[in-house]
Amino acid sequence: MTDQRMDIDTILKEDRLFPPPASFSASAHVKSMAEYEAHYNKAKDDPEGFWGEIGRELYWDAPWQRVLEWESPFAKWFVGGKTNLSYNCLDRHLNTWRRNKAALIWEGEPGETRIFTYQQLHYEVCRFANALKRLGVKTGDRVAIYMPMIPELPIAMLACARIGAPHSIVFGGFSSEALADRVNDTEAKIIITSDGGYRRGHIVPLKENVDGALEKTPTIEHCIVYRRCGNHIAMRAGRDLWWHELVEAESGSCPHVPLDSEHPLYILYTSGSTGRPKGVLHTTGGYLVGTYLTSKWVFDLKDEDTFWCTADIGWVTGHSYIVYGILANGATSLMYEGAPNTPDPGRFWKIIEKYRVNILYTAPTAIRTFIKWGDEWPNKYDLSSLRLLGTVGEPINPEAWIWYHKTIGKERCPIVDTWWQTETGCIMITPLPGATPLKPGSATRPFPGVVADVVRQDGTSVGHQSGGLLVITRPWPAMLRTIYKDPERYKTEYWMHIPGVYFTGDGARCDKDGYFWIMGRVDDVINIAGHRLGTMEVESALVSHEKVAEAAVVGKPDEIKGQALEAFVTLEGGVAPTEALKEALKEHVVKEIGAIARPDRIRFTENLPKTRSGKIMRRLLKDIAAGSQTVQDTSTLEDFSVLARLREEEE
Ligand code: PRX
């Protein structure tokens with residue numbers, strides 16, 4: 001944490017209360033606050049009893065000896081147990097009436113539909129798992145995945161999980177450079193991609209990006225390519241293999257590998273406030289139990305439901321709530337390939353009408369965009385199938401909440417504002433829709449089994465109403481186990497800021513009813529359109545340009561994206577500060593990281609505001625970017641004229 005502000009202002013004042021509709025509560029998994037409190041207290045008083053009971057709802061090849069082994073900060077859950085995510089998401093349903101139920105309903109951006117029943121999905125997963133085995137992939141080998149939102153992505157994930165090969169999915173919006181870094185960190189043997197994917201009517205050239213990465217990834221033996229768009233691509237003989245040719249001769253049966261509960265399931269890279277992206281490691285048993293129960297209770301998942309999470313599987317939301325948690329419940333997961341405004345801004349609402357979607361889980365940034373596009377789009381479609389709405393990724397402003405509630409939910413559907421992180425694996429602070437009275441803008445109460453607090457830097461609780469640092473004080477089953485290959489970083493990033501507890505990086509306030517109000521990051525991580533970026537990463541991308549001497553990147557409030565990126569750049573001596581150079585620098589960042597990291601604005605400055613010890617004071621730049629007067633302590637600033645000059649330039 002740098003320049004930490006301890007007295008986080010209590011910015012949101014919201015006292016409207018929305019109790020759950022009686023008809024919703026009547027048939028919900030958790031029907032009242034009394035039931036919630038009972039679960040919560042049971043999980044708090046006897047976490048092993050609580051989680052053990054939930055664990056027994058799932059399939060285990062061998063029972064565990066202990067539910068939890070906690071040697072802070074390292075946890076083991078369901079110790080000694082053996083299980084398999086792929087089995088729990090597929091095979092477990094095959095001996096039931098669900099075998100011919102839709103597991104996955106997919107719509108491509110051009111408009112095609114593909115539906116996989118549990119049985120069909122199992123068949124495809126087995127064939128692909130057999131193909132991976134034939135290529136020499138063994139339990140424990142890492143597999144990189146860089147794919148569009150097509151059914152073959154969950155098929156590849158479930159195939160990896162089936163044979164115990166941890167997957168590492170890299171979001172298709174990342175550049176070749178970013179992909180190569182991640183592949184090299186995991187030392188993956190295989191990378192799975194497609195020729196392209198559709199986005200806003202264009203083809204995203206995924207294989208071409210992979211080709212760029214493969215110049216620098218010595219561990220990759222094979223690249224498996226699914227033919228999605230039919231665009232022309234280069235296939236290197238021996239290394240590159242077509243998916244359809246590989247699976248052609250494979251059998252549709254592939255026994256799952258009974259895996260130790262702590263066997264690595266996946267690595268997913270996320271940004272931190274220092275250094276390179278970190279590989280968050282999730283393991284098997286605890287992640288299964290955590291995503292299973294949160295899917296069931298938070299989304300009140302029923303067998304009749306069609307559940308649509310609009311996230312990309314390249315992020316944790318898609319891992320947990322398009323694939324693992326949803327399929328472990330035997331529910332129907334809808335997946336859409338493309339953009340929300342292709343061919344027009346009515347696309348999401350049309351999908352809801354067409355497939356009679358019951359539960360919609362999306363991001364506040366998307367909601368704000370829909371508001372901007374106008375009510376005429378949702379109003380054109382029949383949204384009466386919806387019974388529950390959800391949000392994730394950033395705080396939702398009460399105005400957007402109310403719009404979502406009225407225009408999409410027709411004042412009928414509860415909204416679950418779910419707070420969690422890549423690291424937490426599953427939802428942590430959230431309403432339970434049949435129980436919790438909602439306050440717009442609050443993620444409400446901790447999920448049973450989660451013990452959260454708002455504390456000062458010294459770890460003491462701030463009590464009610466004042467701002468502080470959000471921490472989780474007990475281990476939970478789906479928690480990250482470590483940073484891949486870097487347990488020291490795991491300790492220092494999460495467990496040493498405030499000794500003995502997990503520090504989330506977020507500021508929060510807890511009101512008198514025990515409701516949490518998340519106020520966003522207090523470290524140098526920014527949240528752009530629900531995607532997490534470390535300012536350091538963008539800074540190092542800028543500094544890697546030959547004309548840049550120094551750079552500081554901050555988030556600036558943005559109406560739609562939540563935050564926008566503003567970069568302050570000092571050029572090398574003698575370099576002219578031109579508009580063309582600004583554009584070139586933006587492109588450079590896109591090349592280094594990907595389009596999500598493109599700075600919205602670049603400002604050249606001769607100097608950056610620094611402390612006497614040479615540390616860049618990003619908080620001051622943040623104020624300048626936001627156009628507000630500095631209320632921060634500037635006593636450590638070395639050269640006051642820097643700020644004055646930047647301000648003048650703004651006016
Ligand atoms: O700042 C919080 C914000 O997103 C961060 C986690 O980002 P990521 O690991 O990319 O995972 C996003 C999807 C789970 C958190 O530290 N965040 C997430 N959900 C909420 C939120 N902030 C406020 N309210 C939320 N519901």
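Counting convention: from 1, in listed order, for ligands and their atoms alike.
- Among protein heavy atoms, the minimum distance from atom 25 (C) of ligand 1 is reached at E394 O, 3.5 Å.
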> Should K439 and D513 be marked as a salt bridge (charged side-chain N to carboxylate O under 4.0 Å, His left out) after you check the CA-CA gap, both sets of side-chain angles, and the distance that decides it?
Replying inline: CA-CA 11 Å; K439 300 184 191 184; D513 300 322; 2.7 Å; yes
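- Interface atoms of ligand 1 facing V392, defined by a heavy-atom separation under 4.0 Å, are 13 (C), 14 (C).
- Each of the atoms 8 (P), 9 (O), 10 (O), 11 (O) of ligand 1 lies under 4.0 Å from some heavy atom of T422.
- Remark: ligand 1 and R532 share an N or O pair separated by less than 3.5 Å (distance only, no angle test).
- Paired with S271 under the rule side chain to side chain donor-acceptor pair (under 3.5 Å), one option of R276, K278, E537 passes, and it is E537.
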Side-chain donor-acceptor distances from residues 307-317 under 3.5 Å, at least two apart:
{"residue": "T310", "atom": "OG1", "partner": "T362", "partner atom": "OG1", "Å": "2.8"}
{"residue": "D312", "atom": "OD1", "partner": "G314", "partner atom": "N", "Å": "2.7"}
{"residue": "W315", "atom": "NE1", "partner": "H531", "partner atom": "NE2", "Å": "3.1"}

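- Looking only at heavy atoms of the protein, atom 5 (C) of ligand 1 is closest to N527 ND2, 4.0 Å.
- Regarding atom 13 (C) of ligand 1, its nearest protein heavy-atom neighbour is T317 OG1, 3.4 Å.
- Considering only non-hydrogen protein atoms, atom 15 (C) of ligand 1 sits nearest to D506 OD2, 3.2 Å.
- The cationic group of R445 does not satisfy the cation-pi geometry with Y515, failing either the under 6.0 Å distance to the six-membered ring centre or the 45° limit from the ring axis.
- Listed by atom number, the atoms of ligand 1 under 4.0 Å from D417 heavy atoms are 24 (N), 25 (C), 26 (N).
- Taking the six-membered ring for Trp and thresholds of 30 and 60 degrees, F74 and Y490 have ring planes inclined between 30 and 60 degrees apart.
- For the residue pair A331 and L327, the shortest heavy atom distance occurs at O-CD2, 4.1 Å.
- Between G393 and ligand 1 there is a heavy-atom distance shorter than 4.0 Å.
- Which parts of ligand 1 touch T418 is read off a 4.0 Å heavy-atom cut-off, strictly below it: atoms 19 (N), 20 (C), 25 (C), 26 (N).
- Contacts of A339 classified as side-chain contact (heavy atoms from CB on, under 4.5 Å), with partners at least two apart in sequence or in another chain: E109, R199, R200, N341, T342.
- Under the 4.0 Å criterion applied to side-chain N and carboxylate O atoms, D523 and R521 are assigned as salt-bridge partners.
- Residue-level proximity to ligand 1 for P395 is carried by backbone and side chain together, each with a heavy atom below 4.0 angstrom.
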